[in-house]
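Values reported hereafter were calculated over all heavy atoms of this structure, with side chains retained and with hydrogens, waters and symmetry mates removed.
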Amino acid sequence: MAENSEGVECESEEEQRWLLQQHTIQCGCCFDSYPFVKMVQCPDAHLFCKSCMSEYASNLLGEHNHNIICMDQSGCELLIPQSQLDRSLTPTLLDLYHRVKQRKEIEAARLENLEECPFCDYKCIIEDREEKLFRCENVGCSVVSCRQCKQPDHSSKSCKEVETDKKLDIEHTVEEAMSRALMRNCPKCQKAFIKEHGCNSIRCLNCATLSCYVCREVIDGCDHFGSDSDEDECPLSDEIGKRHAEEVYASASSFKLSHSRRSSMQVERAAKKAIKELQRDNRIKVDIRDGKIHAEFQLLSLHTT
């Protein structure tokens, strides 16, 4: 027998394990054994461990389905009682469960004049057709938005003016993203530069830090580099024009992918404008054809900034 912190005798670990095994029940999903107090059951007494129930509920809620039914192999389709979910799901999953359930119930009710906040799940009924703003009362959101364009309140501007500002912002962001792909910054002092020629081992003229032009990390010397044919390691030398073209192409393509929710035409127009600016500076030969960004490799004459 062992003693606990209060000096009371208790069973050894072996005895505790033996006692636990005498009162365990097999999970109907993973078939591992657990104490009854750690099991979740449907109204027909089919039992599952909390881990399986949590993963099962997470998958259903991820599909916006709040009907968490029994998963017994017998085909039982009874709903898991709310009390069982309360004791088995994490607070995060429980919150998601209630939000999904509420959304489904509201959709089924088909309430007139029901509107939803563009920035969260909060809904309310607005009967005044002349009201221009939606005031979210969700404490975690509280955004006041325009009912027409679904953007944050812009009382001093029309919806058209806001859309124009948005287009200009996209253009500026695309141009900056593509320009940054051509630039390098010393990993120590952050001095900006563009390589004109030579190998990929770069020594900063400002602080003398040695860095790799490919991965942009501080290096000790040429031992950092592999052979030109080894794709897993940085090459000591390569065609600078090709590298710059590939990086600008990747940057522009990545921007289009990460902003896929925005208007594709807006992003494409912004990319075209940014490309024109880059071509004017003669840093890269790249354009858009058939809705895709194309880069032609050429040796460039670039200057250190």
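- For the pair Y56 (side chain) and I69 (backbone), a donor-acceptor distance under 3.5 Å is present.
- Annotation: the span from L93 atom CG to S58 atom OG amounts to 5.0 Å, rounded to 0.5 Å.
- Within a 6.0 Å sphere centred on CD of E127, other residues, nucleotides and ligands contribute 12 heavy atoms or fewer.
- For the side chain to side chain donor-acceptor pair (under 3.5 Å) with R103, the qualifying choice from H98, E116, H64 is E116, the only one to do so.
- Heavy atoms from other residues, nucleotides or ligands lying under 6.0 Å from CD of E55 number 12 at most.
- F119 is not listed as a side-chain neighbour of C136, based on a closest heavy-atom distance of 4.5 Å or more.
- For the residue pair E63/N59, the side-chain donor-acceptor check at 3.5 Å is not satisfied.
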Worksheet item: Could you go step by step and tell me if I68 and M53 meet the side chain to side chain contact (heavy atoms under 4.5 Å, CB included) rule?
Response: CA-CA 9 Å; I68 304 176; M53 180 56 63; 4.1 Å; yes

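- Contact of the P235 side chain with the V214 side chain is registered, since non-hydrogen atoms from C-beta on lie closer than 4.5 Å.
- A side-chain contact (heavy atoms from CB on, under 4.5 Å) with N67 is found for one member of V100, L79, I80 and no other, namely L79.
- Between the S88 side chain and the Q84 main chain, a donor and an acceptor come within less than 3.5 Å of each other.
- Counting heavy atoms of neighbouring residues, nucleotides and ligands inside a 6.0 Å radius, atom CD of E131 exceeds 12 of them.
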Worksheet entry | M71/H46 under side chain to side chain contact (heavy atoms under 4.5 Å, CB included): CA gap, chis, key distance, verdict | CA-CA 9 Å; M71 49 182 168; H46 295 128; over 6 Å; no

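- The two residues P35 and T24 have their closest heavy-atom pair at N-CG2, 3.9 Å.
- Using a 4.5 Å cut-off on side-chain heavy atoms (C-beta onward), H154 and C159 make contact.
- Side chains of L114 and I125 form a contact here, defined as non-hydrogen atoms less than 4.5 Å apart.
- At least one donor-acceptor pair under 3.5 Å links the side chain of R203 to the backbone N or O of A208.
- The number of heavy-atom neighbours closer than 6.0 Å to CD of Q148, taken from other residues, nucleotides and ligands shown, is 12 or below.
- The local environment of NZ in K123 is crowded, with over 12 non-hydrogen atoms from other residues, nucleotides or ligands closer than 6.0 Å.
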